[in-house]
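All residue numbers in this chain count up from 1 along the given sequence. Every value quoted in this text rests on a predicted model; they were computed, and no experiment measured them. We use all heavy atoms of the structure for the numbers below, so side chains are in, but hydrogens, waters and symmetry mates are not.
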Amino acid sequence: MGQGQKGSSDKEEKKKKKRDESPAPEDSHKCRVCRFPLLVALLQLLLGAAVTVVAFLMLAISPSLMARETPHWAGIILCLVSILGLILYCINYHPDERSSIQFIVKLLYFVLCTIGLVISVLVIAFSGHHYSQTGSFRCQQAGEDCVCRLDQEDPIARTFSYEGVSDCEAITGTLTLYFLLQIVLNLLQAVVCAIGAFIMWKHRYQVFFAGLQIGSSSSQWQNV
């Protein structure tokens, strides 16, 4: 009889010890905007929208600008990536997959963040090239067009013609400023996408543990 009471009391003490060692619940007053992936998705949405707006402003200067010079497509793609991040936040994000839907959305978000990083780097490369190019332009007005060359004294130098430009200052000044702004925005976007992809990878494959040894023959592990 005494042994039975002792065994039951030992079980109760073990249960109580497990409850004490279990991680504390999340603070309900914690900043919800700062939680992953909400903050990353919001930054991607804002930066993607900014990239798209600046690209259309560039296109308004001259309709002859090419798609690589006005990367509105990059901004739209990154806005779609951010929407997927918001969906991931709405389905109760956990570091470990709790459902097949969450696993699929997390995998897609990781892949799209990686693609967004590559796209942002490409836009930075194109914008940097055109920024240095337009900064060296020597332009002349030709009717309603603006004709620019890198070297006015070279008769075989490549000529760039911008249609619908009434003032060449829009090419050498405003357009150059927009290229610089695209470099800054896409650099920030690349950093945000890299952070999002890294956090997704870390939560999936890098789980850090701290060990707590109990007794001489058993050990209990808990997440940090």
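- Under the 4.5 Å side-chain contact rule for hydrophobic residues, I104 and F110 share a cluster.
- Expressed to the nearest 0.5 Å, how far CD1 of I183 lies from CG of L188 amounts to 12.0 Å.
- When the side chains of ILVMFWY residues are joined at heavy-atom separations under 4.5 Å, either directly or via intervening members, L187 and M58 end up in a single hydrophobic cluster.
- Side-chain atoms of Q133 never come within 3.5 Å of backbone atoms of G135 as a donor-acceptor pair (strictly under, hydrogens ignored).
- When each of L180, T176, T172 is checked for a side chain to side chain contact (heavy atoms under 4.5 Å, CB included) with T134, only T176 meets the rule.
- Looking at residues two or more places apart in sequence or on another chain, you find no side-chain contact (heavy atoms from CB on, under 4.5 Å) involving L177.
- Proximity of Q44 to Q189: side-chain heavy atoms (C-beta onward) are separated by under 4.5 Å at one or more points.
- Taken to the nearest 0.5 Å, the SG atom of C113 stands 11.0 Å off from the CG atom of L108.
- Here OG of S136 is found 10.0 Å from OH of Y131. Values are rounded to the nearest 0.5 Å.
- Both V53 and I61 are assigned to one and the same hydrophobic cluster, defined by single-linkage of ILVMFWY side chains at heavy-atom distances under 4.5 Å.
- Looking at residues two or more places apart in sequence or on another chain, you find a side-chain contact (heavy atoms from CB on, under 4.5 Å) between S62 and S64, L65, Y162, V165.
- Going from atom CG of L175 over to atom CG of L57 covers 11.0 Å, rounded to the nearest 0.5 Å.
- Sorted by first and then second residue, the pairs that involve residues 168-188 and meet ring-ring contact (aromatic ring centres under 6.0 Å, His included), not counting sequence neighbours, are H130-F179.
- When atom types are taken as modelled, the side chain of S127 and the backbone of I124 share no donor-acceptor pair closer than 3.5 angstrom.
- When hydrophobic clusters are built by joining Ile, Leu, Val, Met, Phe, Trp and Tyr residues whose side-chain heavy atoms come closer than 4.5 Å, directly or via intermediates, L47 is grouped together with I115.
- Through chains of ILVMFWY side-chain contacts below 4.5 Å, L117 is grouped with V121.
- Disulfide check for C168/C146 passes, with the SG atoms closer than 2.5 Å.
- Contact detail for E69 and P71: the closest heavy-atom pair is O-CD, 3.5 Å.
- Scanning for side-chain contact (heavy atoms from CB on, under 4.5 Å) contacts around V51 gives Q182, L185, N186, with sequence neighbours left out.
- For the atom pair OG1 of T114 and OH of Y109, the computed distance is 10.5 Å after rounding to the nearest 0.5 Å.
- By the criterion of side-chain heavy atoms lying less than 4.5 angstrom apart, applied directly or through intervening Ile, Leu, Val, Met, Phe, Trp or Tyr residues, V184 is not grouped with L45; the two fall into different hydrophobic clusters.
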Please set out all donor-acceptor pairs under 3.5 angstrom arising from side-chain atoms of residues 72-86, sequence neighbours excluded.
from: H72; atom 1: ND1; to: T70; atom 2: O; distance (Å): 2.9
from: W73; atom 1: NE1; to: A67; atom 2: O; distance (Å): 2.9
from: S82; atom 1: OG; to: C79; atom 2: O; distance (Å): 2.5

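- Rounding to the nearest 0.5 Å gives a distance of 11.5 Å between CZ of R149 and OG of S161.
- Within the 4.5 Å cutoff, no side-chain heavy atoms of E169 are placed close to those of T174.
- In terms of heavy atoms, V40 sits closest to G196 at CG1-CA, 4.1 Å.
- Shortest non-hydrogen contact noted between F126 and R68 is CB-O, 3.9 Å.
- Few gaps surround CZ on F160; more than 12 heavy atoms of other groups in view lie less than 6.0 Å from it.
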